[in-house]
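Here the structure comes first, spelled out in structure tokens, and everything after it is commentary.
A note on names: the letters A, B, ... follow the listed sequences, proteins ahead of strands, and every chain is numbered from 1.
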Protein chains: 2
Amino acid sequence: MGFNEKQTDILLAAEKLFTTQGFDSTSVRDIATEANVNVAMINYYFGSKDGLLDSFFEWRIPDFMIDTEELSLMECSLEKIDKMIEKYIKAMNSHREIYRFIAIESSLKRRMLLSEPFSKLKIHNLNTISTIINEGIAKGVFSANNNPTLIHSMMMGTFMNFQMNQVFLQEQLGIESDDDYGIYIETTLTHFIQTTIKALLTYEISM
Amino acid sequence: MGFNEKQTDILLAAEKLFTTQGFDSTSVRDIATEANVNVAMINYYFGSKDGLLDSFFEWRIPDFMIDTEELSLMECSLEKIDKMIEKYIKAMNSHREIYRFIAIESSLKRRMLLSEPFSKLKIHNLNTISTIINEGIAKGVFSANNNPTLIHSMMMGTFMNFQMNQVFLQEQLGIESDDDYGIYIETTLTHFIQTTIKALLTYEISM
DNA sequence: TGCAAATTTAAACACTTGTTTAATTTAAAC
DNA sequence: GTTTAAATTAAACAAGTGTTTAAATTTGCA
């Protein structure tokens, strides 16, 4: 937390290369060149390449925290579900290459130790949706037997699938540009996820 | 296609290391040692490390093809949807570390050229589900305005999310062993996805 | 202004990477 | 049994890896 200008230069350069090439095939020299900085500065400021990744996680992961303030004011309803999903997708989609990178790197067993901040993010975001759904079930607004963890997995997975198969899906859906793809995610895909979850929460013989 | 014994040894060794460490941080020497083979044999048989990955894709991807024979005999119904999803998850879950590896590697821009067989797999599997859903819509069994590509993304994404966040989800769901996790996927998760898709296909004001 | 700490640098370090070479062994064909 | 091709080997190759060093420069403070 609290990085100086030079550190930020390095982090930005790392971000650009990590997200396009992956962590392992990005060299510290590449990063140094991209950041217009001497190679040794990376070890000086971050200790090691792994330390840089560690700092990168700390630096970027807070962007993906759902803020619950606005939601906490709303009464439990399907509209609240819509709002929450919209917030969710917006948060992740605003830096989708970064989110994809973090999710991929954290999934490798060898990197498990580094993924603590990512774990905290997932717990926070899962709690947000769980609270809302459980409250709705308790009040009888949503049908019971719905598992918030599974619904959360479905939402996250559907979004991530769009990150990991962009080339394929862009072709399948006839989307021309990267920008249009982003728009599709924030409109059509968001609406689809909203519909899906609402269908589940109002599905009588659910589960 | 058609690998001899030595080539298979190499592919099996590569599989073990690729799926646990990723492609970039697995060295050809590691693979050679694991396969009890001279390093040069990898280049002799596969040309290069990239060529090995290429062959690995060709070798394993057919396992994930959904066979449509049994499905084509069934009449269009919600039971057919259940059956299809069951087949889908079973096919992917039987070698889930391999599927995760392929999906991750194919998602890196730098590896796009290699992912042609994966692309073909995705098209085949997407067509399988699309055909069934579109037939159901045409016959009025399923509600219209359902987008098969989105439903497919949802199913794939939900499954993949379980692959990429195993440690996290195992803890969240209180699952003890890796085997139990696999069982959970083939029972509870499969049922959840079935329910979700059926809820969508019978949701009146869908989309 | 002087001094100590922090920053920055080029060079070197030790090691790993994927690949190739040239020699040797094994197998198949005539 | 000789010849030709395929398979296998250890060694070398050239380039790249993350990291450290020790010297030089800059900075902040008394």
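A heavy atom closer than 4.0 Å to some atom of DNA chain D occurs in Lys6(B), these being the qualifying members of residues 4-12 of chain B.
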Pick out the pairs of N or O atoms, protein on one side and nucleotides 26-29 of chain D on the other, that lie under 3.5 Å.
none

Hey, can you pull the donor-acceptor pairs under 3.5 Å for the side chains in residues 165-173 of chain A, sequence neighbours left out?
unit_1, atom_1, unit_2, atom_2, d
Asn165(A), OD1, Lys122(B), NZ, 2.7
Asn165(A), ND2, Asn161(A), O, 3.2
Asn165(A), ND2, Asn161(A), OD1, 2.9
Gln166(A), NE2, Gln170(A), OE1, 2.9
Gln166(A), NE2, Asp178(A), OD1, 2.7
Gln170(A), NE2, Ile175(A), O, 3.4
Gln170(A), NE2, Glu176(A), O, 3.2

Counting only pairs under 3.5 Å, give me each side-chain donor-acceptor contact of residues 33-44 of chain B, with atom names and distances, residues two or more places apart or in other chains.
unit_1, atom_1, unit_2, atom_2, d
Thr33(B), OG1, Arg29(B), O, 2.9
Glu34(B), OE2, Lys16(B), NZ, 3.2
Asn38(B), OD1, Ala40(B), N, 2.9

Using the ring-ring contact (aromatic ring centres under 6.0 Å, His included) rule, take Phe56(B) and Phe101(B) through it: C-alpha gap first, then chi angles, then the decisive distance, then the call. CA-CA 11 Å; Phe56(B) 180 80; Phe101(B) 168 71; 5.7 Å; yes
Test ring-ring contact (aromatic ring centres under 6.0 Å, His included) applied to Phe3(B) and Tyr45(B), step by step: CA-CA 10 Å; Phe3(B) 299 108; Tyr45(B) 278 124; 9.5 Å; no
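Side-chain atoms of Asn125(A) come within 3.5 Å of backbone N or O of Phe64(A) as a donor-acceptor pair.
Between Glu116(B) and Lys120(B) a salt bridge is recorded (basic side-chain N to carboxylate O distance below 4.0 Å).
Atom CG of residue Leu126(B) and atom CG of residue Leu121(B) lie 10.5 Å apart, to the nearest 0.5 angstrom. To the nearest 0.5 Å, atoms CG (Leu11(A)) and CG (Leu52(A)) are separated by 6.0 Å. Within the model, atoms CG of Leu150(B) and CD1 of Ile193(A) stand 9.0 Å from one another, a figure rounded to the nearest 0.5 Å. One finds the CD1 atom of Ile61(A) at 4.5 Å from the CD1 atom of Ile102(A) (value rounded to the nearest 0.5 Å). Annotation: the span from Ile10(A) atom CD1 to Glu15(A) atom CD amounts to 14.0 Å, rounded to 0.5 Å. Here the straight-line distance linking atom OG1 of Thr158(A) with atom NE2 of His152(B) works out to 12.0 Å at 0.5 Å rounding.
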Strictly under 4.0 angstrom, non-hydrogen atoms only: write out the protein contact profile of nucleotides 17-25 of chain C, one letter per nucleotide from the 5' end, B, S or -. BBBB-----
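In this entry the distance linking CZ of Phe46(A) with C1' of dG18(D) reads 16 Å, nearest Å. Rounded to whole Å, atom P of dA11(C) lies 17 Å from atom CE of Met41(A).
Using a 4.5 Å heavy-atom threshold, the side chains of Glu70(A) and Lys87(A) count as touching.
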Dot-bracket for DNA chain C, please. Rules: Watson-Crick or G-U, both distances under 3.5 Å, ( ) within the strand, [ ] when a pair crosses earlier ones, | for another strand, . otherwise. .|||||||||||||||||||||||||||||
